[in-house]
2 protein chains.
Amino acid sequence: MSSQESAPGSARPGGRTARNTTAVLQATLDELGEHGYGAITVDLVAARSGVHKATVYRRWGGVDGLVRAALDWSADQDWEPARTGGLYTDLLALAETVAEGFTEAPEREVSAAAIAAAFESGAVADALHRFMADRHRRSAVVVTEAIARGELPEGTDPEEVVRSAVAPVYYRLLVSREPVSPADLRRTARITADAAAAGAFVPAAPDPAP
Amino acid sequence: MSSQESAPGSARPGGRTARNTTAVLQATLDELGEHGYGAITVDLVAARSGVHKATVYRRWGGVDGLVRAALDWSADQDWEPARTGGLYTDLLALAETVAEGFTEAPEREVSAAAIAAAFESGAVADALHRFMADRHRRSAVVVTEAIARGELPEGTDPEEVVRSAVAPVYYRLLVSREPVSPADLRRTARITADAAAAGAFVPAAPDPAP
DNA sequence: CGTCAAACGCAACTAGAGTTGCGTTATGAG
DNA sequence: CTCATAACGCAACTCTAGTTGCGTTTGACG
């Protein structure tokens, strides 16, 4: 998790600034995981990281900036979807990952914080957009492989399939505030996989039933 | 919008308390619509409504309480989905309503505020859950009518169909922070309608392709 | 090794959110 | 009409998030 002590491309790679950066961002993630987005404070992060309060305000501007930076920081870490050999089970694993990310501590609070902070800061919203776009790109592999296996028609939009599979999970957890059952996960994966097989995600194709 | 000056079941239906309630909640909605959730303040709402700051804090506890009350208040207003005669077009209209509710001012800020405040307050989260559950119940009519018309198999879970149709819209707007195109709306409605027609929302039914 | 600028630590300050005690007003019941 | 009380308005207060001026430290570079 904290394996990047030196950023080669930065201005002062191994200096005090870089150490402060990792200390502050790690403290931000820890604080979020323990107390959640509603309770996080610049003073708490400063005290936890050992970096002075004024420095944190100067470099990150506030809680929003901390979340934004932590999000960009997390986006750098490698991530790839689980591969099971079939599209339905791949999508199911994807949906399960999302559900776990929002229900199991401490990741739960961090994930929710990113979404919540995006409402209050355009910079966080942009960072969240980039983060999700990256996840879409990486997750798309399971769809392109399904196309290669002949499970799906050529021209299927891979990222759109991913969105369709995970959207209902986010909806239940963040919008309608309902629990997500294993049956819910299976239904999303099933519907998306079937729709994809039927060619519903081929952009150029006209509506199958006008 | 402000047609309920007296709540018959309340303790003091037509008194100063009731007037203050409507004034404060209306001011909350107005303030949210103009400046958004990030800028709303108890002082601003108090000044706008003419009700004293201390009174607002005593009765609602803070911004979270205001949003929660405004949400419950809005939930009382009658709402029903548009009816077009077919399931696909009904679901499309539903998805369009959601998209407009989050993109057109001033409703946009109010909708976003409800979701955002739910992250910071369990009471708001509960209110949001109730609000969405009510919307699900009301929207389910378009599905039950489709069942009655023979478009969908008996036993189809109506509210689950609704969730499936609107979830991708919320996902793009609030999570991945992407624009929602008319083609996106048509795709969601199409996929959900087709899946429903195939019996994907009949709970007792086993997986169609084991 | 010496220099210099950027970043940092520190402490004091400002501003605004949230609280509290008390007198006043309005409302529903008798 | 009178009265008891709950809700309200008011002002003064506390507390904490956020800012700022200044001296000090750090690390890149010659």
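Lettering of chains follows the sequences in order, A, B, ..., and the numbering in each one begins at 1.
- Phosphate proximity of C:dA7 to A:Asn20: absent, as no side-chain N or O sits under 4.0 Å from OP1 or OP2.
- Remark: B:Arg177 is positioned above the aromatic ring of A:Phe119, its terminal NZ or CZ atom under 6.0 angstrom from the ring centre and at most 45 degrees off the axis.
- Here the side chain of B:Val42 is nearest to one of C:dA17, C:dG9, C:dG18, namely C:dG18.
- Rounded to whole Å, atom P of C:dA17 lies 15 Å from atom CD of B:Glu120.
- B:Asp72 has a carboxylate O that lies under 4.0 Å from a charged side-chain N of B:Arg68, or vice versa, which qualifies the two as a salt bridge.
- Here A:Thr17 reaches the OP1 or OP2 of C:dC8: one of its side-chain N or O atoms lies under 4.0 Å away.
- With hydrogens and angles ignored, a donor-acceptor pair under 3.5 angstrom links the side chain of A:Lys53 to the base of D:dG18.
- A donor-acceptor contact under 3.5 angstrom links the side-chain atoms of A:Arg58 to the base of C:dG9.
- For the OP1/OP2 pair of C:dA7 and a distance below 4.0 Å, the side-chain nitrogens and oxygens of A:Thr55 include no atom meeting the criterion.
- Remark: P of C:dT25 and NE2 of B:His52 are 15 Å apart, rounded to the nearest angstrom.
- Taking 4.5 Å as the limit, every side-chain heavy atom of B:Phe201 sits out of range of all side-chain heavy atoms of B:Val143.
- When each of B:Thr21 and A:Ala54 is assigned the nucleotide of DNA chain D bearing its nearest heavy atom, the one mapping closer to the 5' terminus is B:Thr21.
- No donor-acceptor contact under 3.5 angstrom links the side chains of B:Thr17 and B:Asn20, judged on distance only.
- The closest side-chain heavy-atom distance from B:Val98 to B:Leu94 is not below 4.5 Å.
- Two end axes, each from the C1' atoms of five base pairs, can be drawn for the helix from C:dC1-D:dG30 to C:dG30-D:dC1; they diverge by 30°, to 10 degrees.
- Between B:Leu66 atom CG and C:dG18 atom P the separation is 10 Å, expressed in whole Å.
- Remark: P of D:dT19 and CG of A:Asp43 are 12 Å apart, rounded to the nearest angstrom.
- Phosphate proximity of D:dG18 to A:Tyr57: present, with a side-chain N or O under 4.0 Å from OP1 or OP2.
- For the pair A:Arg19 and D:dT25, the criterion of a side-chain N or O lying under 4.0 Å from OP1 or OP2 is not met.
- Cation-pi check for A:Arg135 over A:Trp79 is met; the charged atom lies under 6.0 angstrom from the ring centroid and within 45 degrees of its normal.
- Side-chain contact check for A:Tyr171 versus A:Thr188: every heavy-atom pair is 4.5 Å or farther apart.
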